Structure formats: structure tokens, C-alpha cells
Amino acid sequence: MTVTEDQTRDPEAALEAQFDRTVAAEGRIEPRDWMPEGYRKTLIRQIAQHAHSEIIGMQPEGNWILRAPSLRRKAILLAKVQDEAGHGLYLYSATETLGVDRSELTEKLIDSKQKYSSIFNYPTLTFADIGVIGWLVDGAAIVNQVPLCRSSYGPYARAMVRICKEESFHQRQGFELLRTLMAGTDAQRAMVQDAVDRWWWPSLMMFGPADGDSPNTQQSMAWRIKRHTNDELRQRYVDMTVPQAEALGVTLPDPELRWNDERQAHDFGDIDWDEFMQVVKGAGPCNAQRLQNRRAAHEDGQWVRDAASAYAAKQAAKEVAA
Amino acid sequence: MTVTEDQTRDPEAALEAQFDRTVAAEGRIEPRDWMPEGYRKTLIRQIAQHAHSEIIGMQPEGNWILRAPSLRRKAILLAKVQDEAGHGLYLYSATETLGVDRSELTEKLIDSKQKYSSIFNYPTLTFADIGVIGWLVDGAAIVNQVPLCRSSYGPYARAMVRICKEESFHQRQGFELLRTLMAGTDAQRAMVQDAVDRWWWPSLMMFGPADGDSPNTQQSMAWRIKRHTNDELRQRYVDMTVPQAEALGVTLPDPELRWNDERQAHDFGDIDWDEFMQVVKGAGPCNAQRLQNRRAAHEDGQWVRDAASAYAAKQAAKEVAA
Amino acid sequence: REDLAAYCLMLADDALIASQRLAGWTTKAPELEEEVALANIALDLLGQARVLLSRAGHLGAAEPFRAGPWDAQRSGAGPLPQDDEDVLTYFRDDRAFRNVTLVETDLGDFGRTIAWLLVLSSWRLALMQRLTGSGDPVLAAVAGKAVKELTYHRDYAAQWVLRLGDGTEVSHVRMQAGLDAVWPFVEELFLPHAVERRLADAGVAVDPGGLRAEVDAVLDQVLPTATLTRPERPAVGLVGGRGGRDGVHTEALGTLLALMQSLARAHPEATW
Amino acid sequence: REDLAAYCLMLADDALIASQRLAGWTTKAPELEEEVALANIALDLLGQARVLLSRAGHLGAAEPFRAGPWDAQRSGAGPLPQDDEDVLTYFRDDRAFRNVTLVETDLGDFGRTIAWLLVLSSWRLALMQRLTGSGDPVLAAVAGKAVKELTYHRDYAAQWVLRLGDGTEVSHVRMQAGLDAVWPFVEELFLPHAVERRLADAGVAVDPGGLRAEVDAVLDQVLPTATLTRPERPAVGLVGGRGGRDGVHTEALGTLLALMQSLARAHPEATW
């Protein structure tokens with residue numbers, strides 16, 4: 001790279017131009033590269049929110065591990081929840097490359113200063129919810145996340161590749177559970193339909209507000225952090241899910257849902273944005289519970305983390321002394 | 001009462017003589033009366049041990065309150081365990097008339113410096129155990145306690161009158177539960193026999209060591225604190241219980257148990273005194289658990305008791321100020 | 001008749017689940033007097049639940065559950081032999097419970113329990129006071145007895161709120177935290193269910209929307225004296241517009257019932 | 001054959017119940033790395049349990065439970081459709097579980113959990129190491145895989161014992177308290193059951209009495225380095241000479257199973 005006269009005079013502008021070129025050319029920004037402060041902040045917020053979602057998302061599923069009705073399902077569920085802890089780890093690591101550390105972000109989470117996906121503020125009321133979370137919630141997450149595998153920020157894109165692979169696996173497992181239940185007893189089938197009735201609309205809300213109400217989308221798309229608008233992704237999700245619901249034999253709880261031949265896409269009913277906003281603001285069915293559990297785990301673990309630090313310091317001191 | 005010359009010279013001896021006469025005449029010693037230090041200590045030890053037994057005894061039964069298989073049984077069990085807390089209260093009050101307070105005794109309990117009945121160191125494994133505790137354990141307690149209603153120490157005797165009345169009620173309830181189970185399904189009958197098999201021998205141990213190994217008995221009997229030896233009471237219990245077992249249709253797990261026409265009493269097999277000593281020394285199936293639970297409840301409640309004292313002090317100060 | 005059965009279940013389940021929660025304090029209370037008092041309250045509520053469950057049973061509420069809670073095809077077995085109150089308690093799944101979610105929440109420490117009890121008993125007392133005038137003589141009689149019991153429960157809770165709120169610094173913090181934790185579940189107490197509305201119109205039930213003033217009056221009297229602040233925390237949301245009265249509960253109820261029902265369900269042919 | 005089935009159940013139940021306890025840490029661990037590690041260990045143990053339960057099932061252990069756990073007269077229903085491993089897991093009552101009581105104990109805080117894991121994994125590792133030489137090829141194969149897994153579990157636990165024992169003053173106290181709390185359950189690990197004795201004589205099983213030296217060696221190495229003291233607390237006693245291996249458990253197991261089995265038992269006709 002040659003340094004032009006212009007760049008020498010305003011190195012910041014030069015760096016920004018370089019950054020813009022890289023992004024425009026679908027290149028990757030890496031931790032040591034210069035990046036605009038807004039880009040960094042947006043990334044931190046988005047990745048942290050994603051990491052928090054993985055961690056809080058362990059709770060609704062964790063609710064059924066001890067009661068899983070077969071050992072095979074118990075193993076699958078335990079492994080899935082473990083994977084989510086793993087995803088949280090990669091994502092927090094990705095934020096560390098941007099200069100914030102995990103404990104700082106955890107504090108922000110438990111102080112309600114950062115958010116997580118609103119879907120995890122709904123309760124899991126039956127074991128069919130486990131299948132539906134796999135099918136619908138992980139399904140929606142994948143639609144959201146697949147484009148992020150091409151995110152302009154390298155560590156995030158690489159984390160997403162790994163995460164998306166595991167999420168697809170989880171989604172297939174969820175769908176397979178639902179298939180089994182639908183082939184089972186009447187009670188099992190009723191359980192599935194009930195779970196679908198409860199989770200369908202919240203899953204549509206996972207894509208965020210309608211485009212008109214999503215002020216950050218344009219900048220995020222310009223930075224290639226985001227690649228599609230909320231409504232585009234939501235439509236993709238609906239179109240993908242409807243045939244799966246048919247294959248499964250469940251009814252999606254939306255009387256307005258139908259194929260629109262003209263648009264070559266499904267029309268669907270209005271989302272209850274009041275409910276969405278309520279949940280986002282902390283008034284969902286489980287917000288208080290989720291945060292309280294996370295806070296309790298964090299506080300209860302403080303003495304353990306302190307011990308680990310103290311021990312590591314002692315060991316380091318011994319090595320120096322030796 | 002006239003003061004003789006002799007009594008003037010040695011008031012202690014006079015008091016002791018008076019005490020001895022009262023006791024010998026089946027009179028009652030009351031808190032303000034003079035009493036020998038050994039008498040006081042023996043009483044404190046015995047009443048405290050009895051109070052602790054009521055409190056620790058709540059645990060094995062409490063284990064089944066949340067799972068009681070009918071609402072009627074749940075209400076009966078909850079009320080019974082509540083009565084035991086009440087018995088603990090009366091008994092600790094009786095010790096307070098002897099100059100020690102409840103918190104001091106509780107500390108001694110959780111520091112393993114005072115004992116409680118070894119029977120409560122066995123686990124309750126099925127709901128039939130609830131019936132068997134009522135029948136056998138309360139039955140043995142009653143045999144032990146009825147003579148204590150005539151104890152020479154007034155507050156203790158009066159507490160025992162009330163307690164014995166309630167214990168008889170509990171025993172009848174226990175027996176009635178067992179009757180119901182024996183009239184029920186095969187599984188219920190098997191449950192009862194299994195529970196009887198586990199509780200019979202420990203219930204015999206409730207009367208304490210054989211007379212030859214019970215050094216304090218003679219003094220306690222002279223003081224009219226105790227009125228029968230351990231072996232006398234144990235024999236009475238066996239003789240009382242055998243026909244009840246027959247009525248119930250259960251087998252007591254002792255092949256040597258049989259009527260002895262000559263003695264006009266039942267012969268029975270040797271008690272496993274090694275097991276008894278082990279349990280007394282802290283190595284029973286549940287000793288650690290029982291004490292740990294009691295300690296945890298006591299420690300967890302410290303802030304509440306502190307608050308109550310602080311509040312009472314503030315209120316008292318306000319009244320003085322007003 | 002169906003409405004009345006449903007209404008009896010609502011009032012019964014509130015008491016039943018609350019009683020189960022309180023019974024969980026057994027052997028864990030901070031003092032023996034509290035062991036006795038909490039057990040008393042649990043017993044009172046259990047008694048209220050039993051009368052109301054039996055009434056619901058007389059009105060037919062237990063019939064759907066008499067075949068056992070399981071898949072209909074396991075039909076070789078006869079109907080359950082238990083009393084209505086036990087069929088309704090032990091062989092309903094959580095989705096058929098009609099209690100408000102407040103009663104099923106984890107009681108946490110003694111401070112949270114006391115906050116929970118103050119809110120619950122103030123509300124239920126206000127409800128039962130009005131229900132004494134019910135056009136249904138059974139409900140009116142149940143309410144008459146319950147009013148006396150609940151007055152004691154509320155006073156017990158209020159006294160402890162004062163002691164803990166205005167006791168030590170530690171207890172003040174914990175009491176306030178307990179109140180904060182309970183708060184999100186308060187709003188649901190005042191949401192009328194369609195069944196309650198219809199029966200209230202018929203002069204049989206109480207519309208819970210009208211109870212807010214009485215509960216607020218208690219809180220407005222007790223909290224400031226106890227140096228506590230009325231929390232400002234959002235209410236828990238419903239799930240698609242449905243809450244405890246519709247059988248949509250928190251995650252806590254399933255776990256509570258798993259333990260409560262385990263033994264009865266292991267022996268469906270048995271009576272105890 | 002009956003002995004072998006019983007022996008498979010013993011080894012399976014130890015792993016199954018331990019796995020269930022560890023799974024209880026989910027979303028509660030002190031750090032994400034520990035979430036992952038504890039879940040890993042729980043999964044390893046669950047895997048060991050499943051193979052051993054299936055083996056026990058092949059040997060006929062599930063048959064007595066196929067009619068459902070209930071009173072025989074509820075006999076209109078057919079046999080349970082589940083796999084052997086699930087029949088054995090969900091439709092046995094606690095008295096038919098053969099695990100040592102250590103595994104069913106409440107894990108308490110992280111310190112106690114780590115103490116529990118150190119003891120449990122050192123013991124099971126020693127056991128499985130010997131079992132690789134079993135005359136039964138299936139057991140030998142199970143053991144071969146388990147040895148690798150348990151070596152990791154033990155090392156994980158040992159590292160945390162060091163960190164907590166020699167970390168802060170608080171952690172030292174809590175780690176020692178955890179060790180003390182676990183200690184009464186250690187002795188039972190070395191008590192041979194009649195089945196173990198018979199099968200050990202036949203070269204199929206391991207007599208646990210011989211494992212003490214190896215467990216002691218681990219503790220003697222780890223505890224002093226971690227500045228911890230080997231507790232001197234009496235072992236929990238047996239009930240009439242019977243312990244976990246005979247189906248006489250602590251009060252903790254019934255509660256654990258009530259939750260674990262609740263859903264499967266609510267739908268005995270279902271497969272999942």
C-alpha cells in the first residue's frame with residue numbers, strides 16, 4: 001500500500017477510506033485493522049446481544065433437562081444447551097477482539113443495560129416447546145444468522161459459520177422431535193399444536209421491528225454487518241416455514257396466512273407490536289425470572305471466580321520466584 | 001413451715017430435706033423452689049433432649065408433606081408436624097424455667113453438644129413410613145412419656161400432659177393410615193411391611209440402653225424424674241404393640257418374638273446395640289443431614305431474628321420517648 | 001354450572017398451590033413460632049382449597065380427569081377411585097390449573113415470603129369479603145370462614161413487614177428485595193377472567209378488577225410505616241393474552257406439581 | 001445372568017443419577033467454561049448409563065417394570081412401549097435403584113460439587129480401570145471408554161480442588177466444608193455387595209473393597225497440595241445393614257426421581 005499525499009495529511013480519513021474500500025469489496029475487517037468508532041460500537045452491541053441471547057436462551061430449554069422423557073432426548077437437550085454455552089463463549093471472545101471483556105458485558109446484561117432476544121422471555125410449558133424452539137426459534141435464528149457468516153467483521157463472521165452449522169443441527173433435531181410427537185399419542189399431538197400456537201408469533205418478532213421502525217438497519221447494511229432488512233428476513237422465514245408446518249401437520253395460528261401468487265410469497269397477519277414492545281421493555285412473561293436467574297448464577301459464582309484468579313496469581317508468583 | 005434449729009445452721013441441708021420430702025410425697029417442684037444442682041442439670045439435659053427430638057423429628061415426616069398422596073393426609077401430616085413444633089416450644093419453655101434459654105440450647109444441638117432421639121436418624125423412604133412413625137415411634141414415645149406426666153418437676157409434668165394427649169392422637173392417626181394401606185393395593189401392603197421391617201428395631205432402641213448400661217437411671221428414678229427403667233418400658237411397649245401388629249396383619253421382623261406364659265410377657269430377640277451406639281455417636285443414616293438442615297435453617301433465619309430484636313428495641317425506645 | 005365449577009377451581013387452586021408453597025417452609029423457618037404460624041396459614045388455605053375443590057367436583061369438574069391423566073388409549077383401567085378433591089389435585093396437568101401465577105412462584109427467602117403473603121392475603125381477603133354476599137350460598141359460606149382466616153394471615157404478614165422493613169439494615173434491604181421480586185405478579189390479581197365477569201354480573205362471583213383499591217389501601221398503610229418503597233417494576237406479561245386463570249402458567253408450576261403429584265400418580269388405583 | 005443384570009444396573013444407576021445431579025447445574029455454573037465442562041461430564045456419565053442400562057435390559061432387567069410402575073390390577077393397559085433404558089429409568093421406583101447414595105446427594109455449592117466429583121470420579125476411574133480386564137467383553141468395552149472420560153473428570157475436579165482450596169480464604173473454607181459434607185458418603189463406595197462379590201470371584205466384576213488405596217492415593221496427593229484436611233467425620237450408617245446397592249437410599253433420591261420421571265410417567269403410552 002502506498003501512502004498518498006492526501007492520506008499523510010489526514011491519516012484518519014485515509015484509514016476510513018481504506019476501511020470503506022475493504023467493506024465495499026466484501027473484504028474482512030480484522031481486530032488489528034482500523035475501524036470507525038460507530039462500527040465498533042454497533043458490532044459490540046450486536047454481538048453482545050447475540051451472546052446474551054445464547055446464554056439466556058439456555059434457561060427455557062434448561063427447564064426441561066431434568067424432566068426429559070427419554071434418555072435420548074435428555075442427551076440431545078443437554079448437548080444442545082451446552083452448545084449454546086459454547087456459542088456464548090465464542091461470541092464473547094469475538095467482542096473481546098473489539099476491546100470489551102466478558103465480565104463487563106455480563107454486568108451490563110444483569111443490569112438490564114444490554115438486551116437479549118425477546119423470544120427467551122416466553123416460558124416453556126411442555127416438552128413440545130423444546131421441539132418448537134428447535135424448529136421455529138432456531139429456524140428464525142438461522143435465517144437471521146446465515147447472512148452474518150459473511151459479516152464484514154472477521155471474528156464475528158467466523159464465529160457465525162460455526163454457530164450456524166450447529167444451529168442447523170439443532171433445528172433438525174427439533175423438527176425430528178416434533179415429527180415423533182405428531183406420530184405419537186393424541187396428547188402428544190395436542191402438545192405440539194399448543195406449543196406452535198404459543199411460539200409462532202413470538203418467532204416472527206425475532207426479526208425485530210418492521211423496516212420503517214428500525215433506524216439502525218441502513219447503517220448496519222452499509223457496513224455489511226447486516227445484509228438484509230428485518231422484513232426481508234421475516235418474509236424468508238415465513239416462506240420457509242409454511243411448507244414445514246404442512247409436512248408436520250400443524251396449523252400456524254394466523255388466519256390471514258396464505259400464498260400470494262402475485263408476490264410469490266406468503267401474506268401473513270399483523271404482528272402485535274405492542275406485545276413486542278412490552279417484552280422488549282421488560283414486561284414479558286419471563287423477563288424478571290430470566291434476569292434474576294442469570295444474576296443469581298453470576299453472584300453465586302463470584303467466590304469461585306475470585307478463587308481462580310487468586311490461585312492463578314499465586315502460581316504466577318511462584319513461577320517468578322522459581 | 002417452722003424453722004428448726006438444725007435448718008438454721010445449714011440452710012442448704014434444710015432445703016434439700018424439704019426437696020426430698022416433696023419429691024418423696026409425690027409433690028411437685030416448681031421453678032421458684034430450691035432444687036439440687038444435679039436435679040436441675042439432669043432435667044435440663046432431659047427436657048432439652050426431648051425438645052430437640054420434637055424439632056429434629058419434624059424432618060423425616062416433613063420429607064413427605066409436599067408429596068402426601070391425598071389432601072386429607074396432607075392436612076393431617078402438616079398439622080402433626082406443626083404440633084411437633086408446638087411441643088418443641090412448650091419444652092423449650094420448660095427449660096427456660098430452669099434458667100437456660102432456647103437459643104443456647106439450639107446452639108448446643110447444632111454443635112452436637114446435646115442429643116436428640118436416635119430414631120430420627122433413620123430416613124423416611126415411603127409414605128407408609130409416615131404411618132409407621134405414628135404407630136411405632138409415637139407409640140414408643142407415649143410409653144416413655146406417660147410416666148413423665150407425673151414427673152416431680154411441675155412445668156415438665158404439665159407440658160407432658162398436653163404432649164401425651166396430642167401424641168396419642170397422632171398415634172391413632174398413624175395406625176389408621178396403616179389400616180387404610182393394609183386394606184388397599186398389594187403395593188400399599190408391601191409398603192407397610194417394608195416400613196415395619198425398617199422401623200421396628202430402631203423403635204425398640206428408643207427406650208435407651210439396657211438397664212445394666214444406663215448409669216443415670218437410678219438417680220433419675222429417685223428424683224422422680226424417671227419412673228421406670230428402660231427395660232421395663234421397652235417390655236411394656238413390646239407387649240402393647242404385638243397385638244396391634246396382629247390386628248394390622250403385619251409381621252414384626254423378629255423371629256424370636258413370642259409370648260412367654262411364665263413371664264406373662266413377650267420374649268424378644270437381642271437388640272443390635274452396636275448399631276444403636278453408632279447412631280448415637282453420629283454415624284446413623286441421617287445424622288449429618290438432620291443436623292445440617294437444622295443448622296442451615298438456624299443460620300438462614302439469623303437475619304430475621306436480628307430484625308425482630310432490632311424492631312422490638314426501636315419500638316420500646318419509642319414508647320419510652322413518648 | 002360450568003362457569004361456577006371453573007370459578008370454584010380458580011379460588012381453590014389459588015389456595016391449594018399457595019398452601020403447597022407455604023408447606024415448603026416446614027423445618028426451615030427462622031423461628032419455631034414461625035414454623036407454627038406458617039403451617040397454620042398453609043392449613044387454613046388447604047382447608048379452603050378442599051371445600052372449593054369438592055364443590056367443583058360436585059359440579060362435574062373432576063369427571064374429565066377420572067380416566068387418569070394419561071393418553072386415552074390406556075383405557076383398560078377403570079376410573080380413578082379417589083375423591084373429587086384428590087382427582088382434581090393429583091390427576092390434573094398444570095395446564096388445567098386455574099390459579100393466578102403469584103401463588104406458584106418460588107417463595108425465596110423469608111422476606112420474599114412475607115411480601116408474597118401480604119399481597120396474597122390482602123387480595124384474597126378483599127375478594128372473600130365481597131364473596132360473603134355471593135348469590136351462591138356455598139360460596140358465601142366458604143367466604144365467611146375464609147375472611148376470619150385471611151384477616152389473621154394479613155395481620156401476621158403485615159407485622160413481619162414492619163419488623164423486617166424497619167428492623168436492621170440487612171433486613172430492610174432483603175424485605176425491599178422480596179417486595180420487588182413479588183411485584184411483577186401483582187397486576188394479574190386484578191385482571192378479570194371471562195368466567196369471573198359473567199358470574200360477577202350474575203351476582204355470584206367477584207370481579208377482581210374492583211379489589212385494587214382495597215389492596216392498595218393495605219400497602220399504602222403498611223409500606224411507608226415499614227420504611228419500604230412501593231416498587232416500580234413492570235408486570236409480567238401474559239402469553240398471547242393468556243395467564244394463570246387460563247392455564248398458562250410460569251415454569252415454576254410444572255416443577256411444583258411434579259413433586260406434589262408423584263406419589264398419587266405412582267398408585268392411581270390406590271386410596272389413602 | 002441375574003447377577004450380571006444387577007451389576008449392570010449398579011454401575012448404570014451410579015452414572016445416571018450422578019448425571020442428573022450434574023445436569024442440575026445447567027444455567028447456574030460460576031462461569032461459562034464450567035457450564036460447558038459440567039455438561040460434558042454429565043453427558044459422558046449419561047452415555048455410560050445408557051449402554052449399561054441397555055445391557056441390563058438385554059439381560060431381562062426391564063421386564064418387571066414393563067407393566068408400568070403401578071398396582072398390578074391396573075392391568076387393562078398393555079406393556080410399556082419404551083426402550084429398555086427408558087423403562088428402567090422412568091418406571092422403576094426408588095427402591096429398585098441400585099446406585100450408591102453418594103451420587104444422589106444434593107450437590108450444594110460449587111465447592112461441594114467439586115469435592116463430590118473428585119471422590120466420585122477417582123473411585124469410578126479406579127473401578128473402570130480394573131473392569132477393563134473383566135471376563136465380560138461388554139463390560140470390558142464399556143470400561144475402556146469410561147476410563148478415558150473419567151480421567152478427564154478426575155483431572156477437572158482435582159484442578160478445581162486446588163484452585164478453591166488454595167485460592168482465597170473464603171474459597172478455602174467453602175472447599176473444606178464441601179469436602180466435609182461429602183465425606184460421610186465415601187465409605188459406602190468401598191462396601192462390596194453380595195452380587196459384586198460373586199461376580200468378582202467369577203472375574204467379571206470388581207470388588208470395590210480393593211479400590212480404597214487408589215482413591216486414597218488421589219486424595220493424599222490432591223488434598224495437601226490444596227491445603228485441605230482429610231475430614232474425620234463418621235460415615236453414614238446403613239439401614240438394617242442395607243444401603244444404596246440394596247435399594248435403601250437417602251431421602252434425596254425420591255425427590256430427584258419425582259421430577260425426573262414426572263413427564264414420562266404422565267404419558268406411559270408415549271414414545272419420544
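Predicted model, so just to flag it, every value in this text is computed and none were measured. Naming convention: chains lettered A, B, ... in sequence-line order (proteins, then strands); numbering from 1 in each chain.
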Quiz item: Picking from P202(B), P60(B), A283(B), which has the most non-hydrogen pairs under 4.5 angstrom with chain D?
Solution: A283(B)
Quiz item: Looking at CG of D93(D) and CE of M191(B), how far apart are the two atoms once the value is rounded to the nearest 0.5 Å?
Solution: 7.5 Å
Self-check item: Under 4.5 Å from any heavy atom of chain D - which part of D272(B)
Solution: neither
Quiz item: Is there a side-chain contact between R95(D) and T126(B), using heavy atoms and a 4.5 Å cut-off?
Solution: yes
Exercise. Go through the atoms of P253(B) and report whether side chain, backbone, both or neither lie under 4.5 Å from a heavy atom of chain D.
Key: neither
Self-check item: D106(D), part contacting chain B, at a heavy-atom distance under 4.5 Å
Solution: neither
Exercise. Name the member of T105(D), L253(D), V239(D) that forms the most heavy-atom pairs with chain B at distances under 4.5 Å.
Key: V239(D)
Quiz item: P234(D) and G282(B): which non-hydrogen atoms are nearest, and at how many Å?
Solution: CG-O, 3.6 Å
Quiz item: For the atom pair CD (Q278(B)) and CG (L238(D)), what is the distance rounded to the nearest 0.5 Å?
Solution: 8.0 Å
Quiz item: Mind checking whether P285(B) and T250(D) have side chains closer than 4.5 Å, heavy atoms only?
Solution: no
Quiz item: Any donor and acceptor pair, going by atom type alone, linking the side chain of E251(D) with main-chain N or O of T124(B) inside 3.5 Å?
Solution: yes
Practice problem: Starting at CG of N63(B), measure out to OG1 of T255(D) and round the result to the nearest 0.5 Å. | Solution: 5.5 Å
